**Student:** 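Pasting in a structure now, in structure tokens, and then I'll have a few things to ask.
Every chain is numbered from 1 and lettered A, B, ... according to where its sequence line falls, protein lines coming before strand lines. These numbers were taken from a predicted model, which means no experiment stands behind them.
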Amino acid sequence: MNTDDLISLLATGVEPVDARAQARAVLVAVSAGLLLAAALMAGMLGVEPTLAAEARLPAFWARELFCLAVATSGLVCLRRLAHPGMRTGWTGPASALPAALLWLLAAAVLMQTAPEQRMATVLGHTARVCSLLIALVSTPVFVALVWVLRRFAPTRLRLAGAVAGWAAGGAGALVYTLHCPELAPPFIAVWYVLGMLIPAAAGAWLGPRLLRW
Amino acid sequence: MQTSEDRLRGLLLRGLDGDAAAYRTFLRDLAAHLRAFLRKRLARLPDEVEDLVQESLLAVHNQRHTYDPAQPLTAWAIALARYKLIDLLRRRSRQDLLHDPLDEDSEQLAAPDGAAAEARRDLAKLLDTLPERQRMPIVCVKLEGLSVAQTAARTGMTESAVKVGIHRGLKALAAKIRSSA
């Protein structure tokens, strides 16, 4: 088949492209991922009983804001990575910014903490399980984002996989906050970020294997 | 180059709305630009150029929904072709044959090169290896020029199954090219 024949084949009977169908698919997939993550958290771990009381504390909202910022800035960057020829530009650094700001806050908190209590502040009560549980709760969102990416055409597969994992980690952590009793910024800065880095690393490894087109 | 960008972009946007004649012109003009782009970068693998032009055109078609009208068409098309080029070089693990470095800034279209060489890979043969529910819709609609409704009547498939068959079949064709090379 020569190239003119191929062009003729591709153009004959070509259907209009429905841009809204793409947006719909993304919305449905991400919503389904979030719902599954919430079901996983509620069914397996249960919602924190003192949640209503915690919601009055600024530290609670700082934690929510951090997770939300990771998820949304990651998704903005991911949208560009999914489109060939779009530069990530400022969206790359922006998706790392929430973690950088959180670390500054955590450092400030630790400096005001008595030296002998610093370790206890970082470790909290759930340091041993927190990161793994965040990675677990993130999994449905990560699967959804990979499914979405496979409908698009990322050209930097490892990076696209890593950012998908990072954004999924942010979304999963946001869901996990409804179970998690820890509010101290130094705890969040270590164990939450680690929990988001696990899916990010998985994404970097899986990207070149799952996202080729 | 600006005029070429605007013209191609206008043609593609009409093609995305279902204008087959505009889309055909778009693909033909783009093919000439891609051929020049790839020939320059595959100076030491000239036999691969036409295969890669075809692979890139198939990718442009399969991924045409990823074109955002707000972005330059040239950057988009070159990114698709460069991805396929790197994929080819990686498959052959012969990146040292690169003539030009694949710098990020080469997003300008090269002057068109209309002289198609013979493709070595025959897409018609690959097409024959697709499952029937994908091959038949492509043969009827894309090669014989039947409508989706006529194809549905002839094959006994539903109209949406015909559309899905074409869509998946062309993606499967791209996957077969990847694994056959």
**Student:** Quick one: what part of B/His61 sits under 4.5 Å from any heavy atom of chain A, side chain, backbone, both or neither?
**Tutor:** side chain
**Student:** Between B/Leu80 and chain A, with a heavy-atom cut-off of 4.5 Å, which part of the residue counts as in contact: side chain, backbone, both or neither?
**Tutor:** both
**Student:** Looking at chain B, which one of A/Pro84, A/Ala21, A/Ser8, A/Ala11 has the largest number of heavy-atom pairs inside 4.5 Å, strictly under?
**Tutor:**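 Winner by heavy-atom pair count: A/Pro84.
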**Student:** Look only at the side chain of A/Ser131 and the backbone of A/Trp191, and say whether a donor-acceptor pair between them is shorter than 3.5 Å.
**Tutor:** yes
**Student:** Of the backbone (N, CA, C, O) and the side chain (C-beta and beyond), which part of A/Gln22 lies under 4.5 Å from a heavy atom of chain B, both, or neither?
**Tutor:**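 Only the side chain of A/Gln22 comes within 4.5 Å of chain B.
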**Student:** Closest heavy-atom contact between A/Pro140 and A/Ala37?
**Tutor:** CG-N, 3.8 Å
**Student:** Under 30°, 30 to 60°, or over 60°: which ring-plane class applies to B/Tyr23 and B/Phe26, parallel, tilted or perpendicular?
**Tutor:**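 B/Tyr23 vs B/Phe26 ring planes: parallel.
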**Student:** For B/Ala174, which atoms come within 4.5 Å of any heavy atom of chain A: side chain, backbone, both, or neither?
**Tutor:** neither
**Student:** Which answer fits A/Ala19, side chain, backbone, both or neither, if we ask what part of it has an atom under 4.5 Å from a heavy atom of chain B?
**Tutor:**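 Neither part.
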**Student:** Please say whether the positively charged group of A/Arg209, taken as NZ for Lys or CZ for Arg, lies over the ring of A/Trp205, i.e. under 6.0 angstrom from the six-membered ring centre and within 45 degrees of the axis.
**Tutor:**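 Positive - A/Arg209 is close enough to the ring of A/Trp205 and near enough to its axis.
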**Student:** Could you report the tightest heavy-atom contact between B/Lys84 and B/Ser56, atom names first, then the distance?
**Tutor:** CB-OG, 4.0 Å
**Student:** Keeping B/Arg135 on the side-chain end and B/Leu127 on the backbone end, is there a donor-acceptor pair under 3.5 Å?
**Tutor:**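 Not at all, since once roles are kept as given, no pair shorter than 3.5 Å links the two residues.
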**Student:** Is B/Ala175 close to chain A through its backbone or its side chain, or both, or neither, when contacts mean heavy atoms under 4.5 Å?
**Tutor:** neither
**Student:** Hey, which of A/Leu159, A/Leu211, A/Thr155 is the one that makes side-chain contact (heavy atoms from CB on, under 4.5 Å) with A/Leu81?
**Tutor:**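 For A/Leu81, the side-chain contact (heavy atoms from CB on, under 4.5 Å) check succeeds only for A/Leu159.
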**Student:** Counting N and O atoms only, with roles assigned by atom type, does the side chain of A/His179 sit under 3.5 Å from a partner on the main chain of A/Gly46, one being a donor and the other an acceptor?
**Tutor:** yes
**Student:** Could you look at B/Asp17 and say if it's the side chain, the backbone, both or neither that has a heavy atom under 4.5 Å from chain A?
**Tutor:** backbone
**Student:** If the threshold is 4.0 Å, N to carboxylate O, is there a salt bridge linking B/Glu50 and B/Arg35?
**Tutor:**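 B/Arg35 and B/Glu50: salt-bridged.
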**Student:** Between the side chain of A/Trp103 and the main-chain N/O of A/Ala189, is any donor-acceptor distance below 3.5 Å?
**Tutor:**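 Between the backbone of A/Ala189 and the side chain of A/Trp103 there is a qualifying donor-acceptor contact (under 3.5 Å).
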**Student:** If you tally heavy-atom pairs under 4.5 Å against chain B, which of A/Thr3, A/Leu10, A/Ile7 wins?
**Tutor:**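 Highest number of heavy-atom pairs under 4.5 Å: A/Leu10.
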**Student:** What residue in B/Val141, B/Asn62, B/Thr66, B/Val60 has the most heavy-atom pairs under 4.5 Å with chain A?
**Tutor:** B/Thr66
**Student:** Is the shortest distance from a Lys or Arg side-chain nitrogen in B/Asp68 or A/Arg80 to a carboxylate oxygen in the other one below 4.0 Å?
**Tutor:**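 Looking at A/Arg80 together with B/Asp68, the answer is no, because their closest N to O distance does not fall below 4.0 Å.
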**Student:** Do you know which of B/Leu27, B/Val148, B/Leu146, B/Thr25 has the most heavy-atom pairs with chain A at a distance under 4.5 angstrom?
**Tutor:**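 Looking at each of B/Leu27, B/Val148, B/Leu146, B/Thr25 in turn, B/Leu27 comes out on top.
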**Student:** Measure A/Pro154 against the heavy atoms of chain B and call it side chain, backbone, both or neither at under 4.5 Å.
**Tutor:** backbone
**Student:** Between A/Phe60 and A/Glu54, what is the shortest heavy-atom contact and its length?
**Tutor:**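 So the minimum-distance heavy-atom pair works out to CB-O, 3.2 Å.
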**Student:** Using a cut-off of under 4.5 Å for heavy-atom pairs, which of B/Gln54, B/Lys125, B/His167 has the most such pairs with chain A?
**Tutor:** B/Gln54
**Student:** Checking heavy atoms, do the side chain of A/Arg156, its backbone, both or neither come under 4.5 Å from chain B?
**Tutor:**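 Contact with chain B involves no heavy atom of A/Arg156 at all.
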**Student:** Just to be sure I understand the criterion: a residue of residues 149-162 of chain B counts if one of its heavy atoms is under 4.5 Å from a heavy atom of chain A. Which ones qualify?
**Tutor:**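 The residues closer than 4.5 Å to chain A amount to none at all.
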**Student:** Just to verify, what does A/Leu65 make a side chain to side chain contact (heavy atoms under 4.5 Å, CB included) with, not counting sequence neighbours?
**Tutor:** none
